[in-house]
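If you read the sequence from its start, that first residue is 1, and numbering goes on from there.
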Amino acid sequence: MKRLLLTLPLLIFALIGAVSLVMLNLTSSGKRDAASIGFSMTGKTMPEVTMPRHDEGGTLSLGDMTGQVYAVNVFASWCAPCRLEASSIDEMARGIPVIGINYRDDSADANAFLNQFGNPYHAIGRDGDGSISIQLGVHGLPETFIIGRDGVIAYHHQGPVLAGELNGPIAQAIRTARADP
């Protein structure tokens, strides 16, 4: 009985780790849609929020992007999945403007992140207290939105953007948003 009590925490930890690895593998391979975890802003109008610009002074307003197809990516330097998706965001930014929103992050840490992974963003806003992300319906990091010319969110992706999403539902959302008059 004593041996079981000593090994039980290790067995529970191993089980949690195994389940986590399986779920991460399914998500990164495209077999599990991270958006299925719940709430989505797809089909809703993107709020015209204004926020301070990251390290540039002044403000950044999402309303200024109306009339364009663009993406919004909410990220932070302390977010491990944000590091994982950095190359995909860079690739996306070659096709459409991507607005970055740096969530509850220290400026120096955000700059170090951008120096390490590159800065693919058309502009970066700072969400120091998390209030902007609440208005956007963000539940976790990273989250990416594809917005059509009419300001409607064509696709809301929860979780890291990986090759499967970038070449699948995100590419389709961008094509659809571009086709809309």
Residues His54, Leu60; criterion side-chain contact (heavy atoms from CB on, under 4.5 Å); working and verdict: CA-CA 9 Å; His54 169 76; Leu60 172 64; over 6 Å; no
Distance in Å, His157 NE2 paired with Leu162 CG, rounded so as to fall on 0.5 Å steps: 6.5 Å
Note, Leu114 side chain near Ile124 side chain (heavy atom, < 4.5 Å): yes
Listed partners of Thr59 passing side chain to side chain donor-acceptor pair (under 3.5 Å), at least two apart: none
Residues that Gln172 engages under side chain to side chain donor-acceptor pair (under 3.5 Å), provided they are two or more places apart: Arg175, Thr176
Set of side chain to side chain contact (heavy atoms under 4.5 Å, CB included) partners for Asp129, sequence neighbours left out: Asp127, Ser131
Pro81 side chain reached by Leu141 side chain, heavy atoms, under 4.5 Å: no
Residues which pass side chain to side chain donor-acceptor pair (under 3.5 Å) with Ser77, listed by chain and number, not counting sequence neighbours: Asp105
Under the salt bridge (charged side-chain N to carboxylate O under 4.0 Å, His left out) test, residues paired with Arg104 that sit two or more places apart: none
Inter-residue atom distance Ile99.CD1 - Asn73.CG, 0.5 Å rounding: 10.5 Å
Determine all donor-acceptor pairs shorter than 3.5 Å in which one atom belongs to a side chain in residues 62-72; sequence neighbours excluded.
residue : atom : partner : partner atom : Å
Thr66   : OG1  : Gly63   : O            : 3.0

Nearest atoms (heavy-atom pairs only) where Ser133 meets Tyr103: OG-CD1, 3.2 Å
Interatomic spacing from CG in Asn119 to CD1 in Ile89 - rounded to 0.5 Å: 12.0 Å
Value rounded to 0.5 Å, distance of CG in Leu166 from CD1 in Ile174: 7.0 Å
Residue pairs involving residues 108-120 (criterion salt bridge (charged side-chain N to carboxylate O under 4.0 Å, His left out); sequence neighbours excluded): none
For His139, ring pair (Phe, Tyr, Trp, His ring centres under 6.0 Å) partners two or more places apart: Phe39
Minimum heavy-atom distance Pro142-Cys82, with the two atoms named: CB-SG, 3.7 Å
By side chain to side chain donor-acceptor pair (under 3.5 Å) - contacts of Ser87 (at least two apart): none
Inter-residue atom distance Ile101.CD1 - Ile132.CD1, 0.5 Å rounding: 7.0 Å
Residues which pass ring pair (Phe, Tyr, Trp, His ring centres under 6.0 Å) with Phe145, listed by chain and number, not counting sequence neighbours: His156
Side chains of Phe75 and Asn102 in contact at under 4.5 Å (non-hydrogen atoms): yes
For Ala93 against Pro120, the heavy-atom pair lying closest together: CB-O, 3.2 Å
Which atom of Ala154 lies closest to which atom of Ala173, heavy atoms considered: CB-O, 4.1 Å
Rounded distance [0.5 Å steps], NZ in Lys44 versus CD1 in Ile147: 14.0 Å
Backbone N/O of Ala177 and side chain of Arg149: donor-acceptor pair under 3.5 Å: yes
side-chain contact (heavy atoms from CB on, under 4.5 Å) between Val98 and Thr144, worked out: CA-CA 9 Å; Val98 179; Thr144 302; over 6 Å; no
Set of ring pair (Phe, Tyr, Trp, His ring centres under 6.0 Å) partners for Phe117, sequence neighbours left out: Phe113
Listed once per pair and sorted, the salt bridge (charged side-chain N to carboxylate O under 4.0 Å, His left out) pairs that draw on residues 73-97, sequence neighbours left out: Asp90-Arg94
Linked, directly or transitively: Val152 and Ile170 (ILVMFWY side chains, under 4.5 Å): no
Atom of Ala123, atom of Arg53 and distance for their closest heavy-atom approach: CB-NH1, 3.6 Å
